[in-house]
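Heads up: numbering here begins at 1 and tracks the sequence.
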Amino acid sequence: MGGSPCTTYRSVSASCRRAESALNRAVVESPVGRYFKLEARKTSFTKELRAGLATFLTMAYIISVNASILTDSGGPCSVHDCTPDHPHLPAANRTLPGPECKFQSNPGYLQCLSRTRSDLVVATVAISIIGCLSMGSFANLPLALAPGMGTNAYFAYNMVGFHGSGPVPYGTGLAAIMLEGCLFLALSVLGLRAKLARMIPRNIRLASAAGIGLFLAFTGLQSQQGVGLIGPSSSTLVKIAACAKTDATTGECLGGTLQSPTFWLGALGFVITAICLSNEVKGSMIYGIVFVTLVSWIRGTRVTIFPDSPTGNANYEYFKKVVDFRLIKSTAGKISFSGFNRSEVWIAVITLLYVDVLDTTGSMYSMAQYGGFVDDKGRFEGEYRAFIADASSTIVGSVLGTTTVTTFLESTAGLKEGGRTGITAITVGVCFFFSLFFTPLLTNVPPWAVGPSLVLVGVLMSKMVMDIEWSKMKEAVPAFLTMLLIPFTYSISNGIIAGLAMYFILHLYDYVVEGWKLVMKMRKMMHEAQNQVSAASAEVPSTPV
């Protein structure tokens with residue numbers, strides 16, 4: 001007779017534990033275990049694998065979110081991709097579309113955007129693989145790298161602009177990303193990154209992070225990029241929307257406020273994600289996106305992402321493949337240095353470098369501190385190599401068509417699971433690699449599924465406000481101005497520049513006083529030195545003739 005189910009379960013469980021222990025011992029004693037210092041860091045191989053999986057689940061949302069944001073820039077798509085007004089006529093008699101075709105749901109332009117988004121999904125996954133593998137194998141740290149939130153929004157909405165309406169062309173923008181990455185790498189090699197980050201006033205650093213969070217939340221509430229809760233207004237600039245009908249040209253509501261079915265589906269996804277975050281569920285950001293996306297994949301509904309249209313039908317045919325390996329065709333190698341004679345490009349480079357120094361360096365130190373790697377001098381093992389790994393990944397990412405690569409705060413999920421070595425980061429990279437084969441699914445995540453996650457990322461970034469010294473007006477005013485202008489001017493650089501300028505103005509008197517004190521101190525020292533020389537000269541007896 002066989003044993004009871006409970007006895008069988010305990011036997012199988014004990015066998016699994018013995019097998020796991022044997023595997024961990026074998027890896028610890030192997031060259032792999034010695035290289036990654038598993039024993040020295042008091043961890044095990046299987047624990048590192050679990051930590052890497054936990055980190056991947058919490059940051060996998062970046063695949064669809066980053067692609068959606070960067071696609072809003074229009075990528076390499078232009079007026080030439082727009083379908084002519086009368087395509088059935090001979091080419092000589094067709095009316096060539098104007099720049100407005102990029103904002104009027106032109107079929108040809110939408111198809112180009114669809115191809116661009118597919119490429120950007122692959123680019124996001126590819127650079128995440130490269131970043132995580134380099135961080136894990138080169139720096140031996142359990143920190144995951146991927147294109148960062150904030151700089152992608154700055155690139156899409158400030159530099160290149162929505163559908164190319166900004167001051168910097170797409171190719172030139174990627175060149176600015178590459179140049180910034182090269183400067184960032186130089187700072188890393190010279191060991192100046194941490195010193196440069198400490199030069200920025202602390203309250204401005206905190207306000208910048210919070211302001212970027214508000215900017216992302218504002219983006220996630222709009223119709224083109226998110227759930228569509230807010231829309232444009234000719235009288236009040238913005239107002240509540242989620243309308244059943246909107247003007248194709250202006251985007252204004254034509255009737256049916258709060259009657260958009262996709263808005264309510266996105267709102268439900270927001271609630272699901274918020275509940276998961278409130279209960280500290282692993283991979284919280286994923287569940288809301290997955291739920292809304294699955295519902296939106298059902299054809300014949302009012303919320304489907306596959307409407308009965310040429311574009312919808314084409315997307316559905318690609319979606320049905322499920323598994324497919326796609327090469328990057330439109331965004332890779334589009335770098336162009338032709339527009340560097342414009343001041344907007346150099347402002348963008350400086351802003352990207354500023355944000356990168358603050359965000360990437362700050363995030364990495366925070367993660368290292370959380371994991372217990374930082375020593376009494378504020379340094380951590382692998383610091384130099386980690387800086388080189390993320391800066392180099394940014395350069396490679398620009399070649400693929402994506403923005404700056406940074407250390408993800410979601411790495412804390414893996415640290416909580418006990419991840420302490422580079423095997424955790426390598427595991428994340430392997431998970432990203434497997435996702436590379438599911439691009440038909442990943443490229444059809446709707447904006448109303450991504451929007452709620454942008455709002456909640458804003459919530460997480462806004463916690464920085466707690467550490468701002470609000471009781472000191474010289475600190476509070478520049479910080480508040482930075483936070484206020486980033487979303488209201490729709491520009492991260494405007495907010496940062498305004499905050500720094502106000503900080504300098506409010507502290508100008510202090511700088512003048514300190515400078516005057518220094519001058520007076522130097523004059524006093526010089527006067528004392530002259531007196532000592534005079535006294536010494538007076539004591540020397542004169543020589544008789």
Query - Non-neighbouring partners of Pro452 that pass side-chain contact (heavy atoms from CB on, under 4.5 Å), sequence neighbours left out - result: Val227, Phe270

Report task. Salt-bridge test for Lys37 and Glu381: reply yes if a basic N is under 4.0 Å from a carboxylate O, no otherwise. Result -> yes

Requested in this report: Return the set of residues passing side-chain hydrogen bond (donor to acceptor under 3.5 Å, both in side chains) with Arg50 (not counting sequence neighbours), or none when no residue passes.
Outcome: Glu20

Query raised in the report: What residues form a side-chain contact (heavy atoms from CB on, under 4.5 Å) with Ala146, not counting sequence neighbours?
Result: Met59, Ile62, Ser128, Phe408

Requested in this report: Tell me yes or no: between the side chains of Thr403 and Asn152, is some donor less than 3.5 Å from an acceptor?
Outcome: no

**Report entry** The single option from Thr404, Leu145, Thr406, Leu185 passing side chain to side chain contact (heavy atoms under 4.5 Å, CB included) against Asp390
**Finding:** Leu145

Query - Whether Asn140 side chain and Gly422 backbone form a donor-acceptor pair below 3.5 Å - result: yes

Report task. I would like to know whether Ser68 and Thr71 meet side-chain hydrogen bond (donor to acceptor under 3.5 Å, both in side chains); could you show each step before the answer? Result -> CA-CA 5 Å; Ser68 296; Thr71 302; over 6 Å; no

Query raised in the report: With sequence neighbours left out, what residues match Thr172 under side-chain hydrogen bond (donor to acceptor under 3.5 Å, both in side chains)?
Result: none

Query - side-chain hydrogen bond (donor to acceptor under 3.5 Å, both in side chains) against Lys472, all qualifying residues, sequence neighbours excluded - result: Glu469

Query raised in the report: Do Phe432 and Phe56 make the cut of ring centroids closer than 6.0 angstrom?
Result: yes

Requested in this report: Taking atom CZ of Phe480 as the centre, report whether more than 12 heavy atoms of other residues, nucleotides or ligands fall under 6.0 Å from it.
Outcome: no

Query - Exercise: do Thr55 and Ser411 side chains pair donor with acceptor under 3.5 Å - result: no

Query - Residue pairs involving residues 340-353 (criterion side chain to side chain donor-acceptor pair (under 3.5 Å); sequence neighbours excluded) - result: none

**Report entry** Passing option when Thr402 is tested against Thr331, Asn66, Thr151, Thr124 for side chain to side chain donor-acceptor pair (under 3.5 Å)
**Finding:** Asn66

Query raised in the report: Quick check: does any side chain N or O of Asp119 sit under 3.5 Å from a backbone N or O of Ser330, one acting as donor and the other as acceptor?
Result: yes

Query - More than 12 heavy atoms from other groups under 6.0 Å of OH on Tyr509 - result: no

